[in-house]
Structures are given as structure tokens and as C-alpha cells.
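Just so we're on the same page: letters track the sequence lines, and every chain starts at 1.
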There are 2 protein chains.
Amino acid sequence: MPTPPRTSIDAIVSASRAILESHGLPGLTMQAVAQAVGVRAPSLYKHVADRDALVTLVADAAARDLAAHLPATEDLRGLAHGLRAWAAERPESYRLVFSGHGSLEVMAATSMPVVTLGRTLGGEAHALDAARLITAWVTGFISMELAGAFQLGGDVEAAFEYGIERLTSALSAN
Amino acid sequence: MPTPPRTSIDAIVSASRAILESHGLPGLTMQAVAQAVGVRAPSLYKHVADRDALVTLVADAAARDLAAHLPATEDLRGLAHGLRAWAAERPESYRLVFSGHGSLEVMAATSMPVVTLGRTLGGEAHALDAARLITAWVTGFISMELAGAFQLGGDVEAAFEYGIERLTSALSAN
DNA sequence: ACCTGAACACCGTTCAAGT
DNA sequence: ACCTGAACACCGTTCAAGT
């Protein structure tokens with residue numbers, strides 16, 4: 001006797017993203033998600049293989065959301081501030097995306113704009129090297145900030161600007 | 001009737017570090033630690049408040065081990081390669097230390113050598129800014145490497161060297 | 001064809017009882 | 001004074017039974 005589904009993969013991922021932000025990754029339990037979409041935990045396994053697969057779907061959805069929010073810019077400042085603003089609003093999503101929980105395909109696709117920027121700043125021969133320098137610095141900085149690693153005082157905003165300025169000039173100087 | 005302890009906090013932390021590296025943070029269960037030190041899980045609570053406190057002790061022990069392994073160097077290349085080599089040998093410890101699981105005191109103490117390097121490269125006025133640029137880049141790079149984020153081909157070793165070279169010249173140019 | 005309750009193996013944690 | 005078994009509340013996951 002066929003019955004229509006009472007939930008959907010979209011509703012599950014959407015509810016999961018909200019739970020992730022409000023309760024962190026440990027709070028993203030199958031039971032919490034099930035309750036949010038109005039179903040019992042075992043029913044989720046009709047739509048998703050297991051919790052790990054769900055976490056990957058959430059990470060990929062967050063990565064796509066990030067890509068849509070980043071300004072189409074040609075300068076490091078715009079990209080850096082865009083990423084930092086997105087991370088400040090969705091810290092748990094940021095952590096998930098940059099902790100390697102996403103799929104390799106989505107991670108590669110999301111990094112294309114940075115390679116373009118790397119080409120602009122570093123030149124054709126060092127496009128990838130420059131993109132990796134930029135990405136490592138900006139994701140490292142934001143991760144440290146979210147982890148509360150800046151304990152030695154000083155102006156964190158100024159340190160971010162300092163990084164943007166020094167990296168821009170370092171990459172332009174061929 | 002007093003009885004001597006059958007284990008110790010040192011044995012617990014030491015066993016925990018080995019379990020962390022071999023089975024990851026999810027594998028670091030109270031039961032696994034208890035078995036490793038020859039005791040039942042409830043006994044661990046005589047030595048540690050709860051699992052979170054144990055994880056913090058492990059992170060701090062790893063951070064101290066890292067500080068002891070870093071070369072006392074005045075150049076970025078030595079520091080960067082030293083950190084990367086340590087991370088390659090103890091990837092789970094590296095992740096734990098730089099994910100904010102450690103205590104703030106140990107994190108601050110461990111970052112002192114980088115501030116010294118920042119002063120050498122960036123000058124007195126920008127010692128902290130330079131230290132944060134360096135730390136953000138090198139930890140970001142290694143985190144990406146461990147997360148398998150370098151999927152676009154190219155030479156990762158060369159990208160690391162490129163970062164060292166560009167950062168060194170960017171910071172020296174006052 | 002999907003949803004459910006019941007069940008299983010695992011967690012972290014508490015606590016009265018043993019020595 | 002430390003260790004233990006038993007217990008509790010919680011996980012993820014499976015599966016036969018319902019509709």
C-alpha cells in the first residue's frame with residue numbers, strides 16, 4: 001500500500017542546518033532532526049544513509065550558500081571580508097565546511113573564485129600557489145578567531161587589515 | 001580503609017593521547033581510556049571531572065609537546081616546516097590543539113615563540129600583527145592539507161615554499 | 001512505499017556498596 | 001580512599017509490523 005512521504009531530503013537538510021547553528025555539531029542528532037521535521041528518527045534512514053551522510057549534505061549545502069554569498073570581486077579585501085562576515089553569522093557552518101566534512105566535489109567547485117583571484121594577483125604561473133596562500137591565511141585567521149585563539153590583546157580588526165594589505169602587496173610584487 | 005590509586009592522571013592522559021592518534025577524537029571514549037590504564041570507566045572520574053576536561057588535558061599536553069618540538073629559530077621557514085612535520089606525525093593532536101579544545105593559558109603560552117618571530121620580521125610596531133599573519137597562514141595551510149582540501153592538483157610542497165617566501169618578503173618590506 | 005515501536009549495542013555519568 | 005557493578009538517560013541504527 002504506497003503512502004506519500006511525510007518529509008523530504010530538502011526539509012531534513014534545512015532543519016539540520018538550523019539545528020547545527022543553534023546547538024552545534026554534537027547537537028545535530030538524528031532524533032533532533034526527526035523531531036524538527038515531524039517524524040521519528042528511524043524514518044530518516046529512508047532519505048539518508050546514516051548520520052555521516054547527513055552531515056556531508058549539510059556541509060555541502062552550507063558551502064553552496066557560502067559561494068552564493070561571496071561577492072564577485074577581483075580584490076582580496078572584498079573576498080576576505082565577505083568570508084569573515086559569513087563566518088560570523090554562521091560559525092558552526094563555517095567550521096563544518098572548513099573541517100573537511102564536505103564532499104570533495106563541492107569543495108573543489110567552491111574554490112574556483114579564489115583561483116581566479118589568485119591568477120589576478122599572482123599571475124598565471126602562480127595562480128594556484130597564490131590562491132592557496134590566500135585561502136590558507138583567511139581560513140586560518142577566521143578559524144583562530146572562532147576558536148578564541150587571539151588572547152594576546154591587540155586589535156584583531158587591524159590584524160585582519162594588516163594581513164590583507166601585506167598579502168596584496170606580497171602577491172603583486174613579481 | 002584507604003587504598004592506593006591503581007592509576008594516575010599522567011597514565012590517563014598518556015593513554016588518551018595514544019588513543020586519540022590511533023582512533024581519532026570520537027574513539028577517545030571513557031571506556032577505551034579506562035581499559036588502556038587497566039581500570040573501569042567510572043574510576044576515571046576520581047581523576048578527571050568529565051570527558052571534556054580530559055580532552056582539554058590531552059590538548060594541553062599535545063600543545064606542550066609541540067612547543068618542545070619546535071626549533072628555536074629566527075626564520076619563518078624553520079618554524080613552518082617544524083610545525084608541518086609535527087602535524088604530519090600527529091594529525092589528530094594537531095587538529096585538537098588548533099580547534100580551540102585547549103585551555104586559554106596554554107594556547108597563549110605556546111604562541112610566544114611566534115610573537116618573537118613576528119617582532120623579528122615585522123618590527124616592534126607590528127610584532128603581533130605579523131605573528132597573526134604567520135600563524136593564520138601556516139595553521140590554515142596545514143589544516144587544509146590534513147582535511148584533504150588541496151584537490152586542484154599542483155605541487156603542494158611548492159605551494160608551501162611559495163607561502164614562506166612571499167610572507168617573508170612581505171613582512172620584511174617595511 | 002513510507003512510518004513506527006521495539007530492540008540492540010554503545011555512549012557518558014552517578015552512586016551505593018565493596019575492600 | 002579508591003574501585004566496582006548496576007543503573008540511568010541518551011545516542012545511532014536495524015527491522016518486523018503496521019497502514
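Within 4.0 Å of B:S43, counting heavy atoms only, lies at least one base atom of the nucleic acid. Among the atoms of the strands shown, only primed sugar atoms or phosphate atoms (P, OP1, OP2) are found under 4.0 Å from some heavy atom of B:T7.
Side-chain atoms of B:Q31 lie closest to C:dC11 of the nucleotides C:dC2, C:dC11, D:dC11. Taking only side-chain atoms of B:R40, from C-beta outward, the nucleotide of C:dC3, C:dT4, D:dG5 with the closest atom is D:dG5. Set against C:dC3, D:dC3, C:dG12, the side chain of B:R51 has C:dG12 as its closest nucleotide. Distances from the side chain of B:P42 to the nucleotides C:dT4, C:dC2, C:dC15 place C:dC15 closest.
Atoms CD1 (A:I9) and P (C:dC2) sit 13 Å apart, rounded to a whole Å. Atom CZ in A:R6 sits about 11 Å away from atom P in C:dC2, given to the nearest Å. Protein atom NE2 of A:H47 is 8 Å distant from nucleotide atom C1' of C:dC2, rounded to whole Å. Protein atom CD of B:Q35 is 15 Å distant from nucleotide atom C1' of C:dC11, rounded to whole Å. Here C:dC10 presents its P atom at 19 Å from CE of A:M30, a figure rounded to the nearest Å. Here the C1' atom of nucleotide C:dC2 and the OH atom of A:Y45 are 16 Å apart, to the nearest Å.
Between B:Y162 and A:L133, some side-chain heavy-atom pair lies under the 4.5 Å cut-off.
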